[in-house]
Q: 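Please read through the structure below; I'll follow up with questions.
Here is how names work: the chains are called A, B, and so on, in the same order as the sequence lines, proteins then strands, and each is numbered from 1. In this text the structure is predicted, and so the values were computed from the model without any measurement.
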Number of protein chains: 2
Amino acid sequence: MSEELKYWYLRDHKLFWTLSMSQIKQLCIITGFKKAKKNDVIYFSSSDVPRIFLLKKGNIKIVEMDEDGNETIKDIIQKGDLFGELTLENDRNSNEYAKALTDEVAICSFLMSDFENLMLQNPNLALTYTKFVGLKMKRIKNNYSNLISKDAKTRLFTFIKDWAEREGKFNGNKVTIENYLTQADIAQIIGTSRQTATQLLNEMEEKQLIYYSRKEIFIDDITKF
Amino acid sequence: MSEELKYWYLRDHKLFWTLSMSQIKQLCIITGFKKAKKNDVIYFSSSDVPRIFLLKKGNIKIVEMDEDGNETIKDIIQKGDLFGELTLENDRNSNEYAKALTDEVAICSFLMSDFENLMLQNPNLALTYTKFVGLKMKRIKNNYSNLISKDAKTRLFTFIKDWAEREGKFNGNKVTIENYLTQADIAQIIGTSRQTATQLLNEMEEKQLIYYSRKEIFIDDITKF
DNA sequence: TACTTAATGTAAACTACACGACAAATCGCT
DNA sequence: AGCGATTTGTCGTGTAGTTTACATTAAGTA
């Protein structure tokens with residue numbers, strides 16, 4: 001890939017708007033690039049040098065495997081999200097990996113140390129980055145408190161609502177979401193069993209609230225959520 | 001309170017080690033200070049100007065109230081923790097407030113804008129701050145994935161273990177935790193009902209794993225957790 | 001010390017949800 | 001078009017955990 005294209009990939013992202021061309025290039029020189037297709041396992045955090053990843057295209061999930069081989073979804077990463085060691089510190093104990101959810105996935109990565117240096121040179125970048133991380137945390141916190149207090153149905157509702165708001169195509173009160181998740185995925189995210197998720201989704205469909213298919217989810221009236 | 005004391009309060013914190021005296025003073029000038037005792041409601045996020053808070057002493061919980069008046073614990077803040085608008089952005093939609101858990105609570109606060117300016121002047125501060133936020137996020141994430149997959153007993157176990165590791169006084173394998181939480185609090189945190197929490201705690205006591213009282217929790221052998 | 005309030009203990013009835021076990025539908029592939 | 005694989009649909013059955021309801025104990029405080 002040409003340097004120019006890489007440059008564009010980064011430049012495109014809000015986080016780097018404040019940077020000069022030469023600064024971005026400084027990052028780009030060591031930028032790794034990866035493409036993947038559905039269900040590919042993408043990286044193990046215990047791979048090599050600490051990196052920060054930026055998802056340019058598609059959707060992936062971060063999963064953790066416990067001793068018994070049970071997957072738990074730790075995060076869903078969407079286009080434009082940063083992921084990896086957001087703490088800027090590397091610990092390699094965890095048994096995490098990423099899996100592509102969509103067919104076309106493009107990830108670009110850069111070394112943590114380079115990013116750190118750039119932040120030192122450019123305080124504005126640091127500030128923006130901080131806001132990014134903070135925002136992400138707020139989201140997680142909301143999910144969290146949602147999970148513990150509400151029942152499965154409510155959890156599914158809020159999840160779909162959030163999803164719609166983040167990624168849906170609005171048309172008045174009608175929303176269409178490109179569905180790259182299986183019901184099993186959704187179940188994991190909202191913390192319930194696959195069967196229950198299926199039941200609840202069908203229930204919602206019966207009530208004409210949504211139309212579910214493997215490719216898309218259609219919400220008839222988002223205000224009812 | 002004297003300027004010098006305020007200065008000390010901030011200087012004391014890891015986050016500000018990289019700052020020069022004059023920089024800290026710059027923050028201190030607008031530092032607010034609050035004391036509280038047990039069960040006091042401390043602030044509403046929708047109060048006035050956006051601030052960042054630093055808990056100097058004691059423990060507090062951040063609670064959210066829903067329409068029905070149900071409390072959900074969003075966070076437990078410990079001595080040395082920063083809290084408030086970690087996103088560095090203020091949204092005032094949420095119905096959150098903080099409540100003192102211990103009898104002596106000291107909170108110091110500074111204006112978000114001042115902090116932001118300081119970060120611009122001192123990239124190192126930004127970096128440290130980011131790491132702080134990132135670390136906190138990691139913790140929350142772990143709790144999160146713990147919550148969805150495990151049953152109440154396991155959740156209680158991990159909670160107590162974490163608590164011990166963060167705040168407990170170790171004596172070999174024996175640990176003593178100063179207990180500023182009620183069983184109802186604990187129940188909320190691990191996402192179960194008060195009664196279940198009570199039962200499980202008593203069960204653990206019968207098995208001689210812990211000794212529970214309102215003032216402290218004593219763990220006989222932390223390695224058994 | 002007595003009185004009030006908050007925290008803890010206990011038990012029975014009920015329910016949401018998990019889990020196993022298949023059947024049916026849909027997708028991708030050659 | 002046909003075949004294997006993945007995803008979705010649907011049932012019981014079992015159980016962890018909620019809920020209601022009240023008793024007991026500890027902690028403030030007048």
Q: If the test is side chain to side chain contact (heavy atoms under 4.5 Å, CB included), which one of A:Lys79, A:Glu167, A:Glu104 qualifies with A:Asn59?
A: A:Glu167
Q: For B:Tyr212, enumerate each residue passing the ring-ring contact (aromatic ring centres under 6.0 Å, His included) test, keeping only those at least two apart in sequence or located in another chain.
A: none
Q: When you compare the side chains of B:Gln78 and B:Arg166, does any donor N or O come within less than 3.5 Å of an acceptor on the partner?
A: yes
Q: Encode nucleotides 18-30 of chain C as B, S and - characters from 5' to 3', where the letter depends on protein heavy atoms closer than 4.0 Å: B to the base, S only to sugar-phosphate, - to neither.
A: SBBB----BS---
Q: Tell me whether B:Asn179 contacts the main-chain N or O of B:Leu181 through its side chain, where contact means a donor paired with an acceptor under 3.5 Å.
A: yes
Q: Between A:Asp151 (CG) and C:dC14 (C1'), how many Å, whole number?
A: 16 Å
Q: Take the protein atom OH of B:Tyr211 and the nucleotide atom C1' of C:dT8, then report the distance between them rounded to whole Å.
A: 13 Å
Q: Any sub-3.5 Å donor-acceptor pair from A:Arg155's side-chain atoms to A:Ile190's backbone N or O?
A: yes
Q: Closest nucleotide of DNA chain C for B:Thr198 versus for A:Leu200: which of these residues is on the 5' side?
A: B:Thr198
Q: Decide yes or no on side chain to side chain contact (heavy atoms under 4.5 Å, CB included) for A:Ile76 and A:Tyr180, but give the supporting numbers first.
A: CA-CA 11 Å; A:Ile76 301 281; A:Tyr180 47 84; 4.3 Å; yes
Q: Has B:Asn202 got a side-chain atom pairing as donor or acceptor with B:Gln199's backbone, closer than 3.5 angstrom?
A: no
Q: Return the set of residues passing side-chain contact (heavy atoms from CB on, under 4.5 Å) with A:Thr158 (not counting sequence neighbours), or none when no residue passes.
A: A:Asn146
Q: What are the residues of residues 178-186 of chain B, sorted by number, that bring a heavy atom to within less than 4.0 Å of DNA chain C?
A: B:Thr182, B:Gln183
Q: Tell me: CG of B:Leu201 to P of C:dT8, nearest whole Å?
A: 9 Å
Q: Identify the 5'-most and 3'-most nucleotides of DNA chain D with at least one atom closer than 4.0 Å to a non-hydrogen atom of chain B.
A: D:dG17 to D:dA27
Q: List the residues meeting side-chain contact (heavy atoms from CB on, under 4.5 Å) with A:Asn171, not counting sequence neighbours, and say none if there are none.
A: none
Q: Tell me whether B:Glu178 is salt-bridged to B:Lys169, with the criterion being a basic N under 4.0 Å from an acidic carboxylate O.
A: no
Q: Return the value, rounded to whole Å, for the distance between atom NZ of A:Lys153 and atom C1' of C:dC17.
A: 13 Å
Q: With B:Asp75, which of B:Arg139, B:Lys136, B:Lys61 fulfils salt bridge (charged side-chain N to carboxylate O under 4.0 Å, His left out)?
A: B:Lys136
